[in-house]
Structures are given as C-alpha cells and as structure tokens.
Amino acid sequence: MTVRTRFAPSPTGFLHIGGARTALFSWAYAKRHAGQFILRIEDTDIERSTPEAVQAIIDGMQWLGLAHDEGPFYQTQRMDHYKNHLASLIESGNAYYCYSTKDELDALRESQMQQGLKPRYDGKWRPEAGKQLPPVPEDVQPVIRFRNPQEGVVAWDDLVKGKIEIANEELDDLIIARGDGTPTYNFCVVVDDWEMGITHVIRGDDHVNNTPRQINLFKALGAAVPQYAHLSMILGDDGQKLSKRHGAVSVLQYHEEGYLPEAILNYLARLGWSHGDDEIFDMQQFCQWFDLDHITPSAAQFNNEKLNWLNAHYIKSADLNELALDITKRLSKLGIAVTAEPALNDVLSLYRERANNLNHLASEIAYFYRVPEANEADVEKHLKTEIMPALQYLYEMLVNTEWTPELIHERIAHVIKEKALKFPQVAMPLRVMLAGVAQSPSIDQVMAILGKQEVLRRMESYLN
RNA sequence: GUCCCCAUCGUCUAGAGGCCUAGGACACCUCCCUUUCACGGAGGCGACAGGGGUUCGACUCCCCUUGGGGACGCCA
C-alpha cells in the first residue's frame with residue numbers, strides 16, 4: 001500500500017510556523033515512502049474562510065518548497081460526497097435528526113458546567129429501542145447527529161504518542177450536519193480521508209480529542225481507519241502558546257524578516273524530531289531520514305537564536321548569484337539601487353561570512369552603493385584632530401597607488417611606520433570615513449572593492 | 001469541573017534496563033586567531049521534576065504526586 005498523507009488547513013489565516021511543520025512532516029513522510037502528499041483546503045466554515053487565506057497558505061508552502069502531489073481539494077466543492085454519506089448514515093441508523101435549538105443546548109451546557117460535569121449533548125433526540133421521541137417542532141431546522149456508541153472504548157496506536165484509549169461514554173453524539181444541511185468538520189475529514197485514501201494522518205495534537213469520534217465515524221461508514229500521528233505543538237520563544245497576538249506569524253514573514261527557507265525548514269525539521277546528533281541537513285537528506293519513531297511527544301519551544309545560527313549557515317553556503325538576487329531586492333526596499341561597480345558578488349563574498357540575517361546583511365553593505373551617514377559617536381571617537389594629518393598623508397599616497405588590496409595595505413603600513421602609529425589608529429578612522437561605522441571586514445579589502453575613486457572622494461569630505 | 005496528553009542542561013534534543021561519572025547543538029563564559037566587529041578553532045558552565053515500586057541493576061518499565069499543555073461549539 002502506498003503511503004498517502006495530507007495537509008488540511010482551514011483557510012482562516014496565513015500559514016503559521018506550527019502549520020508549516022505539520023505540512024513539512026506530512027510532506028517528508030510521503031517523500032520518504034515514495035507516496036503522495038495531498039493538499040486539502042477545509043473551508044466548510046464559509047463565514048471565516050477567505051480566498052486570500054487560501055492563497056497565503058499556498059504561497060507559504062511554495063516559498064518553503066513543499067509541493068503537493070494532489071490537490072488542492074476544496075471541501076466546499078465536495079458537498080455531494082458528504083450529502084451521500086450523510087444519507088447512508090441516516091439510512092443505517094447511525095445518524096439521526098436532532099431538533100434541539102442552540103439556545104437549549106447553550107442552557108444545557110451552562111448548567112452542566114455549573115454542576116462540574118463535562119458538557120455534552122443529553123441525547124434527547126437519540127432514537128432508542130422502545131423510546132418515545134418528543135413531538136417534532138415545526139419551526140426548527142434539525143441538525144444531524146452521529147449516533148456514537150455508548151459503551152466500550154475506542155483505542156488507537158498513535159505513531160507519536162503510543163496507545164491512546166478513550167471511553168465511548170466520554171463522547172457524545174456530535175453534530176455532523178448543521179441546520180442548513182452543511183456538513184461539519186469532523187464528518188468531512190472522515191469522508192475525505194477515506195475517499196482520498198489517506199493512510200497516515202499527521203496533524204497537530206489539538207486533534208487528539210477528535211480522533212476517537214472520527215474513528216467511530218470511519219467504522220460506521222465501513223471504512224478503514226488510517227494511522228494517526230499527533231504532533232505536539234510549538235510554543236513561543238517564551239514558552240507561551242503561540243496565538244494571533246503572540247508571535248504566531250506567517251512563514252512568509254520570516255522571508256520578510258531576512259530568513260532563508262532552507263534555514264526555516266532545517267530548523268523546523270529539528271524541532272521535535274531528531275536523527276541522532278545531526279543538526280544541519282538539507283531537505284533531500286531529511287526526506288531520506290524522516291520517520292515517525294523519532295518525533296518527540298512533548299511540546300517544543302521555538303528558539304530564535306538557533307534559527308539565526310542556521311540562517312547564518314545557509315547564508316554562507318548559498319549560491320552566490322542567488323544570494324545577490326535576493327539582496328538586490330532587499331537593498332531596493334531600502335531605496336538603494338545596486339550598480340555594476342562595486343560588484344555585488346564581491347561585496348557579498350566579503351560580508352556574508354559574518355551575517356545571520358539577510359536584512360542585516362543588506363543594510364550592512366548598503367554603504368557600497370550609497371554614501372553612508374556617519375555614526376556620530378564613531379566620528380567623535382575615531383576622527384580625532386591629531387590623526388588627521390596621517391590620514392591626509394595616506395590620502396596623498398593613495399592617489400598614485402595601483403588599486404589592489406596588497407598595495408593598499410602596503411601604503412597604510414607605510415604611513416603607520418612613518419607616523420609611528422598602531423594599525424587601528426588608521427584603520428578605524430578609515431572605516432568611519434568609508435563605511436560610516438567602525439566595524440567592517442579587513443579595511444584594505446573594503447577599500448579595494450569600494451574602488452579608488454569612491455575611497456578618495458569619501459576621504460576628501462573629511463579632510464578639508 | 002471532566003477527559004486526554006506531556007515531563008533529560010536556560011532552549012532544541014540523544015537515550016528502546018547495564019554502553020551514562022548522561023552525549024550533541026543553540027545560547028552563555030574563558031582562551032586562541034585578529035586590524036575593529038564578526039567568522040572560525042579549543043575549552044568551560046549546565047539536566048534525568050519528586051516519591052514509591054519492579055529488577056542483580058533504572059534516565060529508560062509500572063504507580064502516585066507535582067507541574068505544564070490540550071479538548072470539551074450548528075469552529076476547524
């Protein structure tokens with residue numbers, strides 16, 4: 001049997017980091033077993049689903065490179081399937097119409113809560129042998145409820161959490177179709193997972209409690225129950241649950257914030273899953289290694305520091321031309337146009353070793369393409385009057401120097417010797433004059449790449 | 001409240017009864033490299049939540065406690 005997994009988001013928002021990991025694991029599991037990965041949009045909640053959200057999810061997955069083999073399937077386009085199965089469930093006595101109103105149910109729930117009971121449907125309209133059902137009210141659109149077994153337990157061997165067992169008496173008769181006839185989540189999931197031949201359901205562990213209901217539904221439909229793997233959730237950097245107002249950002253926001261998809265992917269893969277001590281690996285490797293046995297059952301806290309470390313790694317090992325393309329866009333957002341000289345590839349070769357973020361990298365090298373505004377504190381600290389003559393002297397020597405790092409270095413060394421200075425006494429002021437700040441890579445390298453004309457021009461503005 | 005799940009360094013994790021005086025990674029600290037800041041290299045700090053069992057032996061198995069999380073919708 002070929003493995004078929006699915007990612008089934010509801011389009012009520014963007015693809016956040018937890019969803020991305022669920023998608024990644026489902027995708028990788030399918031790849032690992034030469035199976036199919038299916039994308040299904042669970043949009044039965046028409047009120048909250050939007051086409052923008054669908055697009056945002058697809059964009060997010062595309063950025064990460066998580067391509068689906070089938071789909072996207074939309075539940076709203078599969079209504080006839082659900083209706084058919086709904087009818088057959090009624091037919092077989094596994095489902096029934098319930099005329100309890102929302103108000104009645106709300107009141108019921110409230111009183112049960114007050115009594116310290118688990119809120120659940122009271123079975124008022126559940127047909128039983130020899131039971132007299134109440135008279136059908138005329139002005140109520142009935143919902144359809146699933147007739148859940150009342151005895152025994154439903155158990156499954158969760159591929160992440162191990163054996164889980166829940167007593168049927170904990171479950172009530174869930175609504176599988178609303179008053180308007182539209183099917184609800186738990187029912188659609190089961191029909192879809194069945195009809196789409198899903199063999200492994202890999203999803204967040206907030207669904208653990210839905211699983212026994214779904215298994216009962218599978219059985220009532222006479223369908224084979226898939227295997228389940230419930231992933232624990234991802235917590236924020238502070239150990240708190242991620243929520244809309246608390247860091248549950250779109251994966252695409254990571255793009256905007258200067259992260260490479262490779263870094264996000266590698267980070268996510270390692271969050272809650274392990275392959276011995278391996279930390280850095282690409283998706284090809286991941287797809288060969290990935291298994292469900294090494295997924296941690298406990299929740300994992302997101303750690304930006306480690307993501308940054310991985311990002312640094314992938315910036316260093318990125319294809320230089322692709323990196324240049326990306327940085328060009330980021331510079332353009334800063335209002336800076338990259339020119340042919342100095343060559344961006346040269347600049348990046350010099351700078352990417354030290355970067356762990358693409359945005360930082362872009363702003364650090366901005367001075368190659370725009371005269372920087374010097375940092376006041378650095379000017380004050382390094383451009384002291386007593387050093388200016390030495391810089392003036394250097395400037396004059398540079399005018400007639402052939403422009404190679406070696407020769408530039410030689411001139412600086414010469415000035416230092418003549419004026420009895422230490423290297424930093426000249427290098428630091430030079431950095432401030434050229435880059436606007438006192439930190440940069442090797443100053444002669446910077447000068448070589450910046451170009452003779454530009455170096456002299458920037459020095460001039462300080463020397464007169 | 002009821003049910004379900006979880007529990008190793010600050011964080012992510014290795015660990016399938018002896019390999020564990022518990023390993024790796026991020027972060028942190030020290031030193032080295034050095035032309036500043038980084039990169040890099042070498043060290044260091046640092047954990048099996050508590051209590052009972054089971055066993056010759058428990059980080060590993062069982063139970064309880066504690067702590068965390070999740071679910072209890074005509075949402076998904």
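All values derive from a computational prediction rather than experimental measurement. Every chain is numbered from 1, with letters handed out A, B, ... down the list of sequences.
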Visitor: For A:Thr296, which contact category applies under a 4.0 Å heavy-atom criterion: base, sugar-phosphate, or nothing?
Guide: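 Sugar-phosphate only.
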Visitor: Determine which nucleotide pairs with B:C72, using a 3.5 Å limit on both distances of a Watson-Crick or G-U wobble pair.
Guide: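 Partner of B:C72: B:G1.
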Visitor: What pairs with A:Glu279 under salt bridge (Lys or Arg N to Asp or Glu O under 4.0 Å), at least two apart in sequence or on another chain?
Guide: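 A:Glu279 satisfies salt bridge (Lys or Arg N to Asp or Glu O under 4.0 Å) with A:Arg270, A:Lys306 only.
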Visitor: Between B:G41 and B:C4, how many Å separate the two C1' atoms, rounded to a whole number?
Guide: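 Looking at atom C1' only, B:G41 and B:C4 are 49 Å apart.
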Visitor: So which protein N/O to nucleotides 45-49 of chain B N/O distances come out below 3.5 Å?
Guide:
none

Visitor: If you count the non-hydrogen atoms of other residues, nucleotides and ligands that lie under 6.0 Å from CD in A:Gln301, is the total more than 12?
Guide: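 Check passes, neighbour count above 12.
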Visitor: Take the protein atom CG of A:Asp205 and the nucleotide atom P of B:A71, then report the distance between them rounded to whole Å.
Guide: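 A:Asp205 atom CG is separated from B:A71 atom P by 9 Å.
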Visitor: For A:Tyr185 and A:Glu42, which heavy atoms make the closest approach, and how far apart are they?
Guide: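 Heavy atoms only, the tightest pair is CE1-OE1, 3.0 Å.
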Visitor: Choose from B:C72, B:U36, B:C5 the nucleotide whose nearest atom is closest to any side-chain atom of A:Gln439.
Guide: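 Shortest atom-to-atom distance from the side chain points to B:U36.
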Visitor: If the cut-off is 4.0 Å, is A:Ser442 near the phosphate of B:U35, judged by side-chain N/O to OP1 or OP2?
Guide: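 Indeed not, no polar side-chain atom of A:Ser442 lies that close.
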Visitor: Does B:C39 sit syn or anti, given that only angles within 90° of 0 count as syn?
Guide: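 What B:C39 shows is a syn base, its glycosidic angle lying within 90° of 0.
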Visitor: What nucleic acid atoms does A:Thr211 come within less than 4.0 Å of, heavy atoms only: base, sugar-phosphate, or nothing?
Guide: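 No contact.
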Visitor: Quantified in whole Å, what is the C1' atom distance between nucleotide B:C9 and nucleotide B:C28?
Guide: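 It comes out at 12 Å once rounded to the nearest Å.
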Visitor: Identify whether any heavy atom of A:Pro297 sits under 4.0 Å from a base atom; if not, whether one sits that close to sugar-phosphate; answer base, sugar-phosphate or nothing.
Guide: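 Sugar-phosphate: the residue A:Pro297, judged by heavy atoms under 4.0 Å, touches backbone atoms but no base.
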Visitor: What pairs with A:Asn356 under side-chain hydrogen bond (donor to acceptor under 3.5 Å, both in side chains), at least two apart in sequence or on another chain?
Guide: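 Not a single residue meets the side-chain hydrogen bond (donor to acceptor under 3.5 Å, both in side chains) criterion with A:Asn356.
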Visitor: Identify all side-chain donor-acceptor contacts of residues 416-423 of chain A below 3.5 Å with residues at least two apart in sequence or on another chain.
Guide:
none

Visitor: NA contact type, A:His275, heavy-atom cut-off 4.0 Å: base, sugar-phosphate, or nothing?
Guide: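 A:His275: no heavy atom of the nucleic acid under 4.0 Å.
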Visitor: For nucleotides 15-29 of chain B, read 5' to 3', which letter fits each nucleotide if B means a protein heavy atom sits under 4.0 Å from the base, S means only the sugar-phosphate is that close, and - means neither?
Guide: S-------BBBSS--
Visitor: Answer with base, sugar-phosphate or nothing: what part of the nucleic acid does A:Asn210 contact at a heavy-atom distance below 4.0 Å?
Guide: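 Counting heavy atoms under 4.0 Å across all strands, the contact made by A:Asn210 includes a base.
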Visitor: Distance between the C1' atoms of B:C48 and B:A71, in whole angstroms?
Guide: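 B:C48 and B:A71 have their C1' atoms separated by 30 Å.
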Visitor: Residues two or more places apart in sequence or in another chain: which of them pass ring pair (Phe, Tyr, Trp, His ring centres under 6.0 Å) with A:Tyr267?
Guide: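 A:Tyr267 satisfies ring pair (Phe, Tyr, Trp, His ring centres under 6.0 Å) with A:Phe302 once adjacent residues are dropped.
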Visitor: Pairs under 3.5 angstrom, nitrogen or oxygen only, protein versus nucleotides 65-68 of chain B, please.
Guide:
none

Visitor: Tell me: CD of A:Glu170 to P of B:C5, nearest whole Å?
Guide: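 Going from A:Glu170 (CD) to B:C5 (P), I get 12 Å.
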Visitor: Looking at every strand, decide which applies to A:Lys316 at a 4.0 Å heavy-atom threshold: base, sugar-phosphate, or nothing.
Guide: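 Sugar-phosphate, no base atom in range.
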Visitor: With no hydrogens and no angle check, is any side-chain donor or acceptor of A:Asn94 less than 3.5 Å from a backbone partner on A:Arg147?
Guide: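 It does not hold such a pair.
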Visitor: Can you list the residues that meet the salt bridge (Lys or Arg N to Asp or Glu O under 4.0 Å) rule with A:Asp43, with sequence neighbours excluded?
Guide: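 With neighbours one apart ignored, the set is empty.
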Visitor: Holding to side-chain hydrogen bond (donor to acceptor under 3.5 Å, both in side chains), I want the full list of residues that pass it with A:Tyr351, two or more places apart in sequence or in another chain.
Guide: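 side-chain hydrogen bond (donor to acceptor under 3.5 Å, both in side chains) list for A:Tyr351, sorted by chain: A:Tyr367.
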Visitor: Please work out if A:Val208 contacts a base, only the sugar-phosphate, or nothing of the nucleic acid, heavy-atom cut-off 4.0 Å.
Guide: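 Contact class for A:Val208: sugar-phosphate only.
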Visitor: Suppose we screen for salt bridge (Lys or Arg N to Asp or Glu O under 4.0 Å). Which residues come up paired with A:Asp192, at least two apart in sequence or across chains?
Guide: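 Partners of A:Asp192 under the salt bridge (Lys or Arg N to Asp or Glu O under 4.0 Å) test: A:Arg40, A:Arg78.
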Visitor: Suppose we screen for side-chain hydrogen bond (donor to acceptor under 3.5 Å, both in side chains). Which residues come up paired with A:Arg203, at least two apart in sequence or across chains?
Guide: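 Testing A:Arg203 for side-chain hydrogen bond (donor to acceptor under 3.5 Å, both in side chains), a comparison that skips the adjacent residues, returns A:Thr211, A:Gln214, A:His230.
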Visitor: Measure the acute angle between the ring planes of A:Trp273 and A:Phe286, then classify it against the limits of 30° and 60° as parallel, tilted or perpendicular.
Guide: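 Answer is perpendicular, since the angle exceeds 60°.
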Visitor: Send over the distance from A:Arg6 CZ to B:A76 C1', rounded to a whole Å.
Guide: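 Taking atom C1' of B:A76 as the reference, CZ of A:Arg6 is at 11 Å.
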Visitor: With a cut-off of 6.0 Å (strictly less than), are more than 12 heavy atoms of other residues, nucleotides or ligands near CD of A:Glu110?
Guide: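 Count not over threshold, so no.
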Visitor: Write down the distance between OH (A:Tyr314) and C1' (B:C39), rounded to a whole number of angstrom.
Guide: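 About 18 Å, once rounded to whole Å.
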Visitor: What is the distance from NZ of A:Lys163 to P of B:C5, rounded to the nearest Å?
Guide: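 Answer to the nearest Å: 12 Å.
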Visitor: Please report, rounded to the nearest Å, how far the C1' atom of B:A76 is from the CZ atom of A:Phe187.
Guide: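 For the pair A:Phe187 CZ and B:A76 C1', the rounded distance is 16 Å.
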Visitor: Heavy atoms, side chains only, cut-off 4.5 Å: are A:Leu39 and A:Ile58 in contact?
Guide: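 Sidechains of A:Ile58 and A:Leu39: in contact.
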Visitor: Just call it for A:Lys102: base, sugar-phosphate, or nothing, with non-hydrogen atoms closer than 4.0 Å on any strand.
Guide: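 A:Lys102: base contact, heavy atoms under 4.0 Å.
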Visitor: Compare side-chain N and O positions of A:Arg109 against OP1 and OP2 of B:G73 and report whether any pair is under 4.0 Å apart.
Guide: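 Yes, such a contact exists.
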Visitor: Would you mind telling me which of B:C6, B:U13, B:C4 lies closest to the side-chain atoms of A:Ala300?
Guide: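 Among B:C6, B:U13, B:C4, the one nearest the side chain of A:Ala300 is B:U13.
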Visitor: Considering every strand and a 4.0 Å limit on heavy-atom distances, what is the contact class for A:Leu271: base, sugar-phosphate, or nothing?
Guide: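 Counting heavy atoms under 4.0 Å across all strands, the contact made by A:Leu271 is with sugar-phosphate only.
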Visitor: What's the closest nucleotide to the side chain of A:Ser298 if the choices are B:A76, B:A7, B:U35?
Guide: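 My answer, after comparing the listed nucleotides, is B:A7.
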Visitor: Would you mind reading off the distance between A:Glu104 atom CD and B:G73 atom C1', rounded to a whole angstrom?
Guide: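 Answer to the nearest Å: 16 Å.
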Visitor: Where the side chain of A:Phe423 is concerned, which of B:C74, B:C39, B:U35 is the nearest nucleotide?
Guide: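 My answer, after comparing the listed nucleotides, is B:U35.
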Visitor: Measure from the side chain of A:Val143, starting at C-beta and using heavy atoms only, and say which of B:C74, B:A76, B:G69 lies closest.
Guide: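 When the side chain of A:Val143 is considered, B:C74 is the closest of B:C74, B:A76, B:G69.
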Visitor: Using distance only, find each side-chain donor-acceptor pair of residues 138-146 of chain A under 3.5 Å and give its atom names and separation, not counting sequence neighbours.
Guide:
residue, atom, partner, partner atom, Å
A:Arg145, NH1, A:Asp173, O, 2.6

Visitor: For atom C1', what is the distance between B:U8 and B:A25, given to the nearest Å?
Guide: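 One C1' to the other, the span is 15 Å.
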Visitor: When we call it a touch if two heavy atoms are under 4.0 Å apart, what does A:Pro9 touch: a base, just sugar-phosphate, or nothing?
Guide: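 Nothing, no nucleic acid heavy atom in range.
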Visitor: By nearest atom, which of the nucleotides B:G70, B:G73, B:A76 is closest to the A:Ile175 side chain?
Guide: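 My answer, after comparing the listed nucleotides, is B:G73.
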Visitor: Less than 4.0 angstrom between a side-chain N/O of A:Arg213 and OP1 or OP2 of B:C4, yes or no?
Guide: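 Result: no.
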Visitor: Please state how far atom CG in A:Asn209 lies from atom P in B:C3, giving the value in whole angstrom units.
Guide: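 About 12 Å, once rounded to whole Å.
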Visitor: For a quick check of understanding: with a heavy-atom distance under 4.0 Å over all strands, which category does A:Thr44 fall into, base, sugar-phosphate or nothing?
Guide: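 Sugar-phosphate, backbone atoms only, no base.
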